[in-house]
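Some notes on the structure that comes next.
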Number of protein chains: 2
Amino acid sequence: MDALPDFEQILDAAARIAPYASVTPVLRSAALDALSGAELHFKCENLQRGGAFKFRGACNAVWSLDDAQAARGVVTHSSGNHGNALALAAATRGIAAHVVVPEGAVRAKLAAIERAGATLHRCAPTQAAREAMCAEVQRATGAELVHPYADSRVMAGQGTLALELARQAPGLDALVTPVGGGGLASGVAIAAHGLDPALTLFAAEPLGADDAAQSLMQGARVTTVVPDTICDGLRALVGKHNLDALHMHRVEVITVSDAETVAAMRLLWSELKQVVEVSSATVLAAILKQPRRFAGKRVGMVLTGGNVDLDALPW
Amino acid sequence: MDALPDFEQILDAAARIAPYASVTPVLRSAALDALSGAELHFKCENLQRGGAFKFRGACNAVWSLDDAQAARGVVTHSSGNHGNALALAAATRGIAAHVVVPEGAVRAKLAAIERAGATLHRCAPTQAAREAMCAEVQRATGAELVHPYADSRVMAGQGTLALELARQAPGLDALVTPVGGGGLASGVAIAAHGLDPALTLFAAEPLGADDAAQSLMQGARVTTVVPDTICDGLRALVGKHNLDALHMHRVEVITVSDAETVAAMRLLWSELKQVVEVSSATVLAAILKQPRRFAGKRVGMVLTGGNVDLDALPW
């Protein structure tokens with residue numbers, strides 16, 4: 001399940017999730033076009049079910065299971081958007097979802113996951129403890145692991161947004177997504193190049209978690225980066241196969257500082273009028289940091305999510 | 001110009017502004033549907049040009065002028081969304097816009113009006129001073145007055161959003177707009193009943209500026225209310241003809257407290273992921289206050305604007 005999906009599998013995913021996922025709108029802003037010197041088309045996955053693109057991948061994984069697998073449920077470790085998305089996706093099929101969450105996770109996020117009907121399993125806040133707890137739940141229940149990004153079903157699901165965007169904003173010159181674990185960036189790369197191999201692909205990455213940039217530069221996966229960024233959705237190290245996809249599809253990484261990202265987030269709120277989380281704003285920060293790369297171009301920008309603590313805005 | 005437009009004039013306005021105004025999306029939220037017990041269709045005028053529905057009316061007024069009138073420009077008094085909208089609308093025709101603003105108006109709003117190319121004229125912060133300054137600009141320049149709501153061209157322009165909404169969300173049972181001066185509520189009432197006389201119309205009004213509610217209850221225009229509400233877009237007293245339209249179209253006013261409105265605003269940000277101004281949230285506050293009136297109904301909700309000071313959120 002951790003190999004890469006092909007274009008056909010992304011088309012299959014689009015058909016599979018169509019009854020459940022939203023076709024999110026593409027919004028524009030004259031002010032942001034003027035500021036960037038480019039023609040920006042924002043794919044608003046903050047308006048996706050669950051408030052993030054993650055529902056696409058989780059939904060594709062859940063509906064890819066055969067009936068016997070489905071009856072045993074699904075499990076993942078994530079206190080963020082993927083955990084919530086898997087809970088919502090499992091509910092569309094009426095199956096059990098188990099979500100392993102570290103002690104200290106944000107209570108509001110856990111409450112949302114429980115409201116969606118999932119069972120929470122708490123563990124110590126380390127990668128080893130998460131994986132051990134996941135394995136234990138798998139043993140006890142037979143539930144299928146749905147990894148947040150190292151899963152071809154998940155990558156295929158995330159890639160479906162590029163198919164939609166191509167219909168909604170035809171003839172794009174470039175496409176920018178954030179990159180964390182790389183489930184989105186890899187799925188979108190395969191989907192976008194399946195439709196138009198000439199499209200130029202970019203990934204925006206926080207400077208404080210720039211393992212994808214380092215890995216592509218060195219030609220080998222760098223796993224020594226200790227993430228230090230405000231972008232909580234982009235702290236994961238890019239997966240092995242995800243990285244392969246970025247390499248094969250010549251995705252260029254643009255790194256941005258947290259200050260640049262927060263300034264871009266504010267612009268998305270004030271000009272595009274969208275509540276987006278800070279990780280989403282990396283794509284606008286990247287464009288504004290390297291405007292000459294995008295001048296006069298028609299650019300697709302993926303806004304990944306809108307689950308924000310309104311009492312703790314970063315400005 | 002202060003009579004009421006008829007349905008034909010609203011159809012004409014729609015054709016007139018089509019090259020300049022955005023067809024704003026209609027968004028939904030499963031969480032807000034669950035919370036309200038109704039099926040809510042949010043018409044997102046926060047995504048209109050200039051960040052508010054006001055562009056529709058201003059644009060219709062500007063493009064209704066003959067060439068000789070247009071050459072002399074337009075004038076209004078407003079430090080808020082209407083002033084900005086008139087400046088943007090005048091720019092689409094390449095004509096002069098004069099905006100009379102009271103001393104003490106928010107600097108960011110004035111800067112936006114100037115960026116749109118309008119000339120600011122400052123006056124004392126009283127209604128009399130505003131009107132005197134407006135008259136002076138009219139005398140000096142021959143500019144055409146475009147009143148924020150007591151103007152049939154403006155009402156017709158605002159009404160166009162109801163035509164769009166009816167196409168985007170057919171078969172609505174009810175429609176809720178905020179009411180301040182009544183340009184929006186009256187234009188929408190005429191347009192909506194032109195298409196479907198059976199539609200039930202509601203207007204949400206702040207308790208601290210409930211002159212429309214009082215006026216409809218007493219059968220005569222009440223002008224003694226001294227507005228005291230956080231909803232800066234809804235402090236104007238309802239205009240005479242605007243009130244006539246509310247009466248004729250049996251618009252029912254639901255009053256809401258500022259606390260109810262702020263809570264609803266927060267829900268629109270967190271669940272619908274839209275940056276909307278506080279005045280916009282009155283419509284959701286009204287639904288949540290009287291849920292039995294709307295239970296199981298398919299309801300259109302007009303979100304009027306998204307021009308917010310992100311450094312001064314009301315929670």
Please tabulate the donor-acceptor pairs under 3.5 angstrom that span chain B and chain A, backbone and side chains included.
| from | atom 1 | to | atom 2 | distance (Å) |
| --- | --- | --- | --- | --- |
| Arg266(B) | NH1 | Asp311(A) | OD1 | 2.9 |
| Arg266(B) | NH2 | Asp311(A) | OD2 | 2.9 |
| Lys273(B) | O | Val275(A) | N | 2.9 |
| Lys273(B) | NZ | Gly306(A) | O | 3.0 |
| Lys273(B) | NZ | Asn307(A) | OD1 | 2.8 |
| Gln274(B) | OE1 | Gln274(A) | NE2 | 2.9 |
| Gln274(B) | NE2 | Gln274(A) | OE1 | 2.9 |
| Val275(B) | N | Lys273(A) | O | 2.9 |
| Gly306(B) | O | Lys273(A) | NZ | 3.0 |
| Asn307(B) | OD1 | Lys273(A) | NZ | 2.7 |
| Leu310(B) | O | Trp315(A) | NE1 | 3.3 |
| Asp311(B) | OD1 | Arg266(A) | NH1 | 2.9 |
| Asp311(B) | OD2 | Arg266(A) | NH2 | 3.0 |
| Trp315(B) | NE1 | Leu310(A) | O | 3.2 |

Contact class of Leu313(B) relative to chain A, heavy atoms under 4.5 angstrom: side chain
Closest non-hydrogen atom pair, Leu272(B) against Leu47(A): O-CD2, 3.4 Å
